[in-house]
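Report on one structure; see the data block that follows.
Worth knowing before you read on, the calculation uses all heavy atoms, side chains too, and leaves out hydrogens, waters and symmetry mates. Keep in mind that this is a model prediction, so the values were computed, not measured. So that the names make sense, note that chain A is the first sequence line, chain B the second, and so on, each numbered from 1.
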Amino acid sequence: SIPNAGGGDGGTERIGALYLDSQGFYGGVKKGVQDAADADSKKVDFIESTSAGDVSKESSFMNTLTSSGVSAIIMSAVSTDGSVPAVRQASEAGIPVICYNTCVSDDAVDQYVTAWVLGDPLKFGGDLGKQAAEYFTEAGVTDPQMGVINCEQYEVCQQRFKGFSEALTAALPGTTFVANQEGAEVDTAVSTAEQMLSAHPDLDGIYGEAGGATVGAYKAVHTRGLVGQVAVFGSDMTSDIAAELADGSVLKAVVDISGIEAGKLAFAAAQDAIDGTEPDEKVVAAPIDLYLTADAAGWSETHPDGLP
Amino acid sequence: MSESTAGTPAPPLDPARDRGAPIAEARGVSQVYPGVTALDGVDFAVHAGEVRALLGQNGAGKSTLIRLLSGVETPSAGEVLLGGRPLGDGGVTAASAAGVATCYQELSLVPGVTVAENLAMGRWPRGRFGIDTRAMVERARATFERLGADIDVLAEVAGLTLAQQQIVEIGRALQDDPRLLILDEPTSALAAAEVDLVLDTVKRLAAQGVAVLYVSHRMDEIRQIADTATVMRNGKVVETVSIAGSDTAHIIELMIGADPEERAVATRPATSGEVLLSVADLDVAPKLRGVSFEGRAGEVLGIAGLLGSGRTELLQAIAGFRPASGGTIAIAGSVVDRPTASRMLSLGVGMTPEDRKGRGVVPGLGIDENIVMSDFGAVSRGGALSAGAIATATRALAEKLNIKAHDLSRPISTLSGGNQQKAVIARWLHADSRVLLLDEPTRGVDVEAKAQIYEIMRAVADTGKLVVFVSSEVEELPLACDRVLVLRDGGLREEFRAPDISLPVLLEASMASGERRTTR
Amino acid sequence: MTTTLDPTTAPTRPGGAPRDGAVGRVRDTFRRNTTLVNIVGLLVAIVLLYLYLMFNAVGFFTVANQSGLLRDAALIGIAATGMTLVIIAGEIDVSTGPAVALSSVIVAVAMTQWGLPALLAILLTLVVGAGWGALAGVLRARFLVPSFIATLGLWSVLRGLGQFGTDALPVPLPIDEPVMPFLTGTIVGVPTPAVVMIVAFLVFAFVARKTAFGRSVFAIGGNAAAARLAGIKVARVRIVLFAIMGMLGALSGVLLAARLGSGNAGAANGLEFDVIAAVVIGGTAMSGGRGSLVGTFLGVIFITLIGNGLVLLGVDSFLQSVVRGVIIVLAVLLNVTLSRKRGSLEEN
Amino acid sequence: MTTTLDPTTAPTRPGGAPRDGAVGRVRDTFRRNTTLVNIVGLLVAIVLLYLYLMFNAVGFFTVANQSGLLRDAALIGIAATGMTLVIIAGEIDVSTGPAVALSSVIVAVAMTQWGLPALLAILLTLVVGAGWGALAGVLRARFLVPSFIATLGLWSVLRGLGQFGTDALPVPLPIDEPVMPFLTGTIVGVPTPAVVMIVAFLVFAFVARKTAFGRSVFAIGGNAAAARLAGIKVARVRIVLFAIMGMLGALSGVLLAARLGSGNAGAANGLEFDVIAAVVIGGTAMSGGRGSLVGTFLGVIFITLIGNGLVLLGVDSFLQSVVRGVIIVLAVLLNVTLSRKRGSLEEN
Ligand SMILES: Nc1ncnc2c1ncn2[C@@H]1O[C@H](COP(=O)(O)OP(=O)(O)OP(=O)(O)O)[C@@H](O)[C@H]1O
Ligand SMILES: Nc1ncnc2c1ncn2[C@@H]1O[C@H](COP(=O)(O)OP(=O)(O)OP(=O)(O)O)[C@@H](O)[C@H]1O
Ligand SMILES: [Mg+2]
Ligand SMILES: [Mg+2]
C-alpha cells in the first residue's frame, strides 16, 4: 500500500477512531489506544466518532476520515456486509484499516483490512455457555430453561448467542430457550427481564448478551425475589457488574473482552501498518476472559476507574 | 340613530313580484350544529341588481345563511339554488363558478403571503412556466385601482393593519365581476373614508346589475345602499321589508322581537373627578408624536381618528403592551417609570383589544374563566382557585353587564359577539381597573348590544373610573362620550366636549380640511 | 336617562341555572366535555386489554407483574404529568429521555464522587434538572425559538454531556446507603416509584384545575395573545412550565438510578416519544388548550400495558415496535374521532 | 368648545407609497421579505465556517472531502426538500429515518430476492414509499390524527418492519449490476446523490413558487380555513404532500443502499431530526405558512458542514453531540431574532 501523506516521522500523527456504540467497552478501547500512544511517546491526534450502530453514519465518518487523509483508521465495524464499501474506500485510498471487536466479512478482511483485533464472538458466547453448562450440571439441572436479553440490532450479538446456545446445548441437550427479547440498554433490559420472569416462572437462567442486558437481568431477579432460583450469565465487565459478581448470589459468570487491551493491540497494529511492517498474522487475538465470583474483586482492583 | 322619527310599520314586500329568476335562492334550509339550530326552515331569494340587507341580532343566523349560499357548508335540510340550479354539495368551487363571491365575516386571508397572492388564491393564473406571477400582480393592482383603494399588492398580508386586510378581503370578492356579491360585515373594521369606498363600490355594482347581499349592524349604511332588508331572528326569517318604507325603529323591533326602548346615555360636559390618567408628550414610534392628554374619574373619553391614525397604538402604549419611545404616562398622579404590561395592570389599567376573536377571548375556556383571567388572586382561597368565589364573582358581573348565558361555565365561543365583548369588558371590572381602555368594543355587535355597551361604559364611569373609548363608527362617539379627542397626523389635534360633539365636526376634524378626501 | 337594558328578550332559562336531575347533569357534562368521552373510551380499552391479557398472557395477572407494570408506568407517568401541561400550553418537549438519563448520572456522581448524602444529591439533581428546563423555557419564551427546536437541541446536549462525562459507563450508586433502596422498594405493597407517580398526578391534577398557574397554561394554549392581553404573564408561565418539566425528568432520573443501582447516560432512549404518545392518547390536543391529567394517567397505563403484554405474549421484539406504532395511531385516531363527533364542524 | 390641540407637529409620510430607486427597492424587499434576511445570514455563517475549517481542519478543503460533504448533504437534503413543504403546510414528519432505512432494504430485497431489474426495483421502492407517506397523509387529512402522532406511529412501524424482515442484517445488493454503482458514482465530478439533491431542490423550488400545488401548501399552512374557503382541496393537498415526502424518503433510501452496497434496516437513525433542523435553520417557520427552499438548501449545507468539521477537528465523539445541539439552537435563535419584526406586538 502507498505510504501515507499526513503521517510521518516526528510530526503529529492523525489516527481515526470509530466506536460502534456508546457502551462502556468503547470507553475502554479509547483509553487503551490513548495509553498506548502515550507509552509510545508519540504525539497522536485522534479523530473519533461514534457510529451508533448505524451503517450510514459509519459510512459518512469513514468517508470524512479517508478524505482528510488520516494515517490509519481504527474501527469497530457496524456490519459484516454493510460496512464493506466504507472499508474498501479507505483501503483503496491507501489508509490502513485496523478492526477491533467487529469487522467486515472474511473476504473483505483479506482484501482491505490490515489487522483485526478479534475477540471471536462465537468463542465469546461459547466460553460463557460452557460455564453455564458447568453451573447447571453442578446444580443438578439437566434441562435448564433459559431466557435471553439480547442486543440483536448488532450483528455481533447474534454471533454471541449462537456461541452460547451451541455450547450450552452441546453439554446439556435438554436446554430450552423459552424467551428472547431485546434489551441492550439497561432500562429496557430491566423491565423486559422482569416481564420475562412473569411470563416464565420456571426460568432457570438468563443470558445477558451485553453489559446493559446483564445488569437488567440480575436487577430483575433481585426485584422479583428469585435469588437462588434464577442464575444470570452475563457479558462485559463494569464496576457494578464486578460488584454483583463478587456477591455471587445471582450473577454466576461474566465473559469479557478488555476494551483497554483491545485498544492497545489496535494501536500497536496501527503503528506497524504506518511503519510499513507487515503483520505476521492478520487476526490478532484479543484475550477473552471469563470471570467468576472469585475473580471479581481482582478485576475491581485492577480497574479502579471502571473502564473495562 | 339619525333616522326617521315615525314608528309606522312598512308593508311587507310582495314576494311574488316578478323580477325573473333569483340569482340565489334558499328553499326551506335548516342548519343544525351540535346543540344549536342556527337556521330553521329559511326561505330566501335575491335578484339581479338588488342590494339586499340582511339584518338581525348577533347569532340570528346571518353568517350561517351566507355560508350556505357560498357553498362553504351544505344545509342539514332544504336546498340552495344558484342561478336556478341546485348547488348540491358542489362546495365553494361550484358556488364561485355560479358567480357568487363572498367576503366572509371572519378574516380569511393567508398572512404569510402577498396581497396579490391572496387575491389569486385557488385560481392562480397559469403561464408558460407555472403560475404567471406578473399577471397575478397586475390583476390585483387593477382590482384595487377599480376599488380606489391604496394597497401595496406586493406587501405581505401579515404586515397590514386590520383595516387594510379587510379591504383586501373586499377586493378579493370583487375581482371576478361576480353576479352575486355577499359582504358579511365588511365595514366593521373600517373608518368613515374606507366605508364610503365600499358603499360606493356596492352602488356601482348594483347599477351594473350585480346582486348584493349586505350584512351590517350599522343602520345608516343600510339606509344609504340597500333597497330591501331581510330581517332574521333566532334562525328564522322574520320579514323582508323595503328600506325606504320602514323606519329604523320598526326594523329594530323586527330584529329583537319587541319594542325598542328609547335609550340615550347621559353625557356630561365636564367632570371634576380626580385625574386618573395623564399622558405627557408621548411618542410611539413610528406613528405618534407628542401626545398629551388627561382623563378623569367619572369620564367617558372618546378618541376619534381615521383608520391608521394610531388610536390602537396609543391604547397599547398606555396599557404597556407597546413600548413608548418618549414621554411619560402617569396613573392617578404618579408617573410610571417603566410602563410594562404587568406594571400597568397592577396600577389598574385594563385594555380590551380591537380584534376580539383573535386576541380577546380564549375560545375553549368557560365564560367565567375568561372573565377571572385578569385576576386569579381575587377568586383564590388559600392559594387555590375557589369554584364558589368564581361563580359569585362572575355571576354578579354577568348580571351587571347583562351577559346572556344560561351557564357561565360554557365555553365563551358559544356566546354571540356582543356578549363575548361584554365578557371581555367584565374581565377588567373583575380586575377592578380604574382606567378602562376599550378599543373598538362595539365592532360587529348588533344595535341592541351596542346600546348596552354604551350604558355599561357610562355605568362604569359613574363608579369613579375612567373609560377611554375608541371607535371607528364616528357616529357613536357623540352618543356615548363626555369628551372626544381627535388623533390626526400623528398627534392629538382637537378636543370636543359634550354637548358640542357631533358627527360632522368629528369627521371634519379627523380628516382635517386640507387633506380631506372627496368621497363624502 | 339610563334604563335597564333588556327586560324583554327572554333567555329561555334564567342565567346560570343548571339543568335539573342527575341524569341531565351527566348528559350535560358529557356533551360539554369531550375529554370525558375519551376517558370512558380509554377505560373500556384498558379493561378489554386486561381481560385479554389475563386469559392469554401467562404470568400477567400476578402480583409481581402488576407491580412491575406499575414501576414501568412510573417512568413514563411522572414525566407525562408535566408533559400534559406542556402540550396543553401548545408546546412540546422532546428532551425527556436524555434528561432522565443525565439526571440518573448526576445523582449517582453526586453521591459517589462528590460524597453528598442521598437527599442532598437528589435535591441537587432536581435543581439542575429544573435549571436546564428553565433554559429551554427561556429560549422559547424570551427568544421565540420553537420549543421543538429548543428541546431538540437540549436533547442532543444532554445526551452528549452524560456520555462525555461518564465515558458511557454506568456510575454505580454507593451500596450501603438507605435512601435509594427505599426509592426502589415498596410502600404498603405498592412500588415507591408508582406512589411517587400517583402523587405527581394528584398534584398536577390540582395544579391544572385549581391554580392560577394551571389555568394560565390552559389560557395560553387556547389563545396566547388573548392571555397576554388579559394580563397573564405568558413568558413567565412558559419558563416555569419547562422548568417543572425539567424537574420531573430529573425526578424520573433519580428513580431510574435507584432501580438500576447506577446512573446510565445511555438509558431512557426514546422515552420522550412514549411520554408524548401517552399524553396524546389520553386526549390532550397537540394544538394546545385542551387536555386532562386523568386522561394522561389512563394513557400511561394503556401504553405500559401494551408494552408489558407484547413481551409476555412473546412477540418478536422487532414486531413489537410495529404493533406499538399501529396501536398508538389507532388509539389517537379513536380519540380524535370520538371528540370530533361532539365538537364543531371546524377542522383546524 | 372646540380647541385645537397641536397644529404644529409635522405630518408623517403618507403610508403605502413605494420607495423610489434601486437602493430603496432592495431595502424594501429586505423589509418585506424576512426570509431574505435569514438567507443572507446563513450565507455569511457558511462562509465563515468554511474559512475557519479551511485553516483549522486538516484535510477539509480537499476534493475528496468536499465531495464527501456533498454526499452527506444529499442524504439530508433530498428529504429536506419535501420536509420544507411539509413544515410550510404546518405539519411535521418524524418518520424519515426509518423510511429511508426500510426503503434501502426494499430496493435490495427487490433486486436480490425477487430478481427485479434495478430500475424496476427502484420504481417499486418509490411507489411503496409514496404509499406509506400517503397513508400518513390520509390519517392526518381525513381522520385528523395530528401529523406528529401519525408519523411517529409510522416511525415505529417502519423501523420494526425493516428489522423484523431482515433480522436486522444487511441485505447485500447484487454485485454485477450497473445502475446502483452509477447512483453512487459521480457525474462530471459531482457525486450522483448530490446531483439528485440539486435537481430535487430545483424542482421543489419551482413547485413551491410556481405551481398551484405549491402555493396551496403555503395557503394551507398560513390559514387552512381560508384556503378551504378559497376552494383549495385541503385534504387532497395534505395527502399528496405526505406521499411526496414518503417518496423522497424512499429515494434517499435507494441512494443510501447504493452507497452502502446493501439495504440496512438500522440505518439513518435519527435522520429526521437532522432534516427538520436543517429546514428550520433555513428559516422555515414551524408554525407553517412561511419558508423557502433556498433557505433549506443553506440549512442542509450548514448542518452537514458542522458535522464534518466536528469530526475533522478531532472533537471528542460525545462532545460532538453537545456542540451540535448548541449550534442548532443558536442558528435558529439567530434566525428568529433576525426575522422578528421590530416593535411587533406579535409574540406567537
Ligand atoms: N360552526 C359552528 N358550530 C356551532 N355553532 C355555530 C357554528 N357557526 C355558527 N354557530 C351558531 O349558530 C348561530 C348563528 O350564528 P351566525 O354566525 O349565523 O350568526 P350571525 O347572525 O352571523 O351573528 P353575528 O351578527 O354575530 O355575525 C349562533 O348561535 C352560533 O353560535
Ligand atoms: N389583524 C391584526 N391582528 C393583530 N394585530 C393587529 C391586526 N391589525 C392591527 N393590529 C395591531 O394594531 C396596530 C394598529 O393597527 P391600525 O393601524 O389599524 O391601528 P391604528 O393605527 O390605531 O388605527 P386605528 O385608529 O384604526 O386603530 C397594528 O400595529 C397591530 O399591532
Ligand atoms: Mg355573522
Ligand atoms: Mg385600531
Side-chain angles (χ1 to χ4, degrees), chain B residues 70 72 91-93 96 102 104 106-114 117-118 120-124 126-127 129-131 133 150-152 154-159 164 172 269 285-287 289-290 292-293 308 316 321-323 485-486 488-497 500 505 509 515, chain D residues 1-18 25 28-29 31-35 88 90 206-216 218-233 284-285 287-291 341-348:
Chain B
S70 348
V72 178
V92 192
T93 325
S96 135
T102 310
Y104 299 96
E106 308 299 351
L107 283 175
S108 51
L109 298 176
V110 176
V113 301
T114 63
E117 171 106 32
N118 264 282
M121 211 160 80
R123 49 196 151 169
W124 291 275
R126 310 185 101 247
F129 300 104
I131 290 171
T133 316
D150 178 20
I151 299 275
D152 177 5
L154 290 178
E156 236 180 51
V157 164
Q164 286 172 320
R172 184 167 67 176
K287 270 190 190 160
R289 303 250 336 253
S292 306
F293 69 93
Q316 286 173 346
F321 287 105
R322 183 180 284 278
L485 306 173
V486 180
R488 174 169 29 94
D489 299 338
L492 285 176
R493 298 291 172 240
E494 280 171 87
E495 173 182 329
F496 301 95
R497 286 176 190 278
D500 298 332
V505 296
E515 305 171 359
Chain D
M1 257 249 238
T2 315
T3 25
T4 315
L5 284 180
D6 183 15
T8 48
T9 338
T12 47
R13 203 158 38 80
R25 204 167 317 136
D28 258 19
T29 318
R31 182 144 34 84
R32 200 173 283 157
N33 201 339
T34 55
T35 50
I88 288 175
F206 178 81
V207 167
R209 307 186 63 180
K210 286 288 188 178
T211 68
F213 173 77
R215 299 320 296 170
S216 301
F218 275 82
I220 291 171
N223 186 344
R228 186 169 301 115
L229 290 181
I232 293 174
K233 302 208 167 39
T284 296
S287 48
R290 231 180 264 271
K341 292 242 167 62
R342 220 156 269 281
S344 154
L345 236 196
E346 221 46 60
E347 202 213 307
N348 231 313

Report the distance from atom CG of Leu229(D) to atom CE of Met121(B), rounding to the nearest 0.5 Å. 8.0 Å

Count the heavy atoms belonging to other residues, nucleotides or ligands that lie under 6.0 Å from CZ of Arg123(B), then report whether that count exceeds 12. yes

Examine whether an atom of Thr211(D) lies under 4.5 Å from a heavy atom of chain B, and if so say whether it belongs to the side chain, the backbone or both; otherwise answer neither. backbone

List the atom of Pro111(B), the atom of Gly222(D), and the distance in Å for their closest heavy-atom pair. CD-O, 3.5 Å

Given heavy-atom pairs under 4.5 angstrom as the criterion, report whether the side chain, backbone, both or neither of Thr133(B) touches chain D. both

Toward chain D, the part of Phe293(B) with a non-hydrogen atom under 4.5 Å: neither

On a heavy-atom basis, the closest approach of Ser108(B) and Ala226(D) is O-CB, 3.2 Å

Lys210(D) and Phe129(B): which non-hydrogen atoms are nearest, and at how many Å? CD-O, 3.8 Å

Nearest heavy atoms of Gly112(B) and Arg290(D), plus distance in Å: CA-NH2, 3.9 Å

Taking all non-hydrogen atoms of both residues into account, name the closest pair between Phe218(D) and Val110(B) and its distance. O-CG1, 3.9 Å

Give, as side chain, backbone, both or neither, the part of Val92(B) having an atom under 4.5 angstrom from any heavy atom of chain D. side chain

Shorter than 4.5 Å, heavy atoms on both sides: which option in Leu109(B), Thr102(B), Thr93(B) has the most such pairs with chain D? Leu109(B)

Pairwise distance CD1(Ile131(B)) to CZ(Phe213(D)) - rounded to 0.5 angstrom: 12.0 Å

